[in-house]
Amino acid sequence: MSNLLIIGIVLILGAVGFLLGRQRALAAAGGDARNLHSLPKYYGANVGLNAIVPAFGVLIVWLLAQPLLVNANVSGMLDEGASAGARNLLMADVRRVADGLDTAVSQGALTAEGAANLGTDTDNVREILADVGVALGSEVTAQTLSAAQRYRAMSATGNIWKTIIVIAASLAGLALAFMVTKPSFRARNIVETGVLAVLIFAASIAIMTTVGIVLSLVFNTIEFFRLYAASEFFFGLRWNPSFSGRGGGSELGIIPLLWGTLYISLVALIVAVPLGLFAAIYLSEYASKGVRAFAKPLLEVLAGIPTIVYGLFALLTVGPLLVEVFGEGGFLGVSWMAGGTAVMTAGLVMGIMLIPFVSSLSDDIINAVPQSLRDGSYGLGATKSETVKQVVLPAALPGIVGAILLAASRAIGETMIVVLGAGAAARLSLNPFDAMTTVTAKIVSQLTGDSDFASPEALVAFALGITLFVITLALNVFALYIVRKYREQYD
Amino acid sequence: MDDYYTTDRKMSTMQDTKIAASGVQVYYADNHAIKDVNVDIGDKTVTAFIGPSGCGKSTFLRCLNRMNDTIDICRVEGDIKIDGEDIYDKKVDPVQLRAKVGMVFQKPNPFPKSIYDNVAYGPKIHGLASSKADLDNIVEKALRRGAIWDEVKDRLHAPGTGLSGGQQQRLCIARAVATEPEVLLMDEPCSALDPIATAQVEELIDELRQNYAVVIVTHSMQQAARVSQKTAFFHLGNLVEYDDTDTIFTNPKDPRTESYISGRIG
């Protein structure tokens, strides 16, 4: 029986359980819901949940455990001497043949009995499977076929037991909950505990995912540091990976990349912070309602533009424009800028991208400053500007700093604008019109294309990733710390 | 009230007129909030505005330093003169006016700055201090007048928001006093305070009368009776009765005033 059908049956049992539980509770109370501890629907929900939740739990565990058990059993039949890698390949073949035979049976190319009695001497298994659309790389050996038959047999038995046990679990849960349904039973509390469990589950999924991401980074990073010295990675001044000569000749120093990242982020923040902050001050303190209603959503549209579009803007508009001014034969007569891709190009465009982050968050924070503080300042004969400068902004400062730091971590993690706007050369230079590159852009270039995941040139991406993660995490923690520290003091 | 206060009041009502309002109308959009109010407020006198909630007493108070200008939909008509000068005249800068007419609000609203900076805020803006020592003097004088100097002199650089509610309110009064205003407007200054802090603030108001014209809005008739020499009763946007505090509380002329002070309407 397919999993979908099992799930359907369990859900139907749950629905039946709901109705039965409700009815029993009402009957036990003599038809008057006031005699019950909880509303009738809670008794129903309790029975329904008891029918569904344990059964699904059993199903999930079974689905995870069965392939493991079957694999372990079947792979024991295969060549003892083979290495782990070769055995994996053989097992993949076995599974493919087994699935192919199942497909053949379901399409009618073989009878169930015929499939069970196939032999490599009498039948051409590869051809039979090719007819039903399952292509195999090589002829099927006797060993593979017998392993596949074993695999099929075990899976089939497993599936039958799975169906029986899951439905039995569902029925048992239903019966048990039905039995305990009486007016004094605290169904409401039980159901609310169930809701709590759902909430905890949702919260832990997010946290577990983060932990999983970090762990996958950590393990690959450790692998990388086995192949490449950590001191050279963290303190190396050159980034020069070689893809031709495997193992050697690569220089993987992170300093030039970090420099590029920080330089571009700095330019971006120099653009975004004043513009965003001034926009926020105008919108929250000076703009009339009409202007605000019109301008704020318009500003936030900027946040909705995909970064690749910003990248195009950098590549096609801002870069050439800057070259015309600062490049050779430009307006200023200086030749600081060799090409359109440069720190300045990426930084300017990224700054524009960050304006809505800074302005929108700062605007909310400035609006949260109590009107009574403004009144107090006006009441002392301060002008609007004095009030904003000396009362509103200081009161909003922790929040504004938080907004800026969030924008900074966003800038550090930005990729597409850098790929298109800043170039690909890792360089340690002070000239903002030089092409440079960032950590994120290099992660992309190390992992795209033909990469061997055992080489330091590919694994370095994980080390770069975790370094970046630590930096942005530290920034975010610092931002939260600042916000908390000062908020406590002023509220 | 004892006799001392009574004689004291009689004397103070002899003072000159500081604020003269005539024919004042206030509209919030289409809502006619203040209807044709005429009142003369004396110098060196505490004038109390009483009346039920929503009767317009706070609105009228906020007309006296043009705080209503900060509300977009608010429109003020009529004449309000301070020392004979029309404050709604185009020549008058509301910012200058507010330096002259200080205000203390219902909820204590110290700035998120140190106690010192809170008090120094107004003098700094208006350039009242010529040197750091001068500013120190002004701050100390203001805090003494606010009757809070002894409590905060050792922690002038602690945040003003860390004080208790009553201390915060006295800090706000000191802050208002520091700009050397001629009139002090108080909008229910004690409504967020406990009885002890209220008593301290009331005592302070009585002292402030030596130097300023004080106008106080209050919900508490006992408070009006305790601190003021003149009382104005507002009802539904009208100024019903304005007279010596004694007269209002002992011998009101208007039946609405009598109903209110005896608790029948509110």
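What you see is a predicted model, and the numbers here were worked out from it, not measured in a lab. Labels below follow one simple rule: chain letters A, B, ... track the order of the sequence lines, proteins then strands, and each chain is numbered from 1.
Across all non-hydrogen atoms, the minimal contact from A:D375 to B:F105 is O-CZ, 3.3 Å. Closest heavy-atom contact between B:K113 and A:P394: NZ-CG, 4.5 Å. Nearest heavy atom pair, residue A:L373 against residue B:F111, reads O-CE2, 3.4 Å. Closest non-hydrogen pair, A:A382 versus B:Y121, comes out as CB-OH, 3.7 Å.
For the atom pair B:R175 CZ and A:L380 CG, the distance stands at 5.0 Å (nearest 0.5 Å). Separation of atoms NE2 (B:H126) and CD (A:E386) is listed at 7.0 Å; rounding is to 0.5 Å. For the atom pair CD (A:Q371) and CD1 (B:I71), the distance works out to 8.5 Å, reported to the nearest 0.5 Å.
When the candidates B:M67, B:Q106, B:Q96 are compared by the number of heavy-atom contacts under 4.5 Å with chain A, B:M67 comes out ahead.
Neither the backbone nor the side chain of B:V104 comes within contact range of chain A; no heavy atoms are under 4.5 Å apart. Using a 4.5 Å cut-off between heavy atoms, B:P181 makes no contact with chain A at all. Both the backbone and the side chain of A:S377 come within contact range of chain B, judged by heavy atoms closer than 4.5 Å.
Shown here is B:D72, whose CG atom has no more than 12 heavy atoms of other residues, nucleotides or ligands within 6.0 Å. The number of heavy-atom neighbours closer than 6.0 Å to OH of A:Y286, taken from other residues, nucleotides and ligands shown, is above 12.
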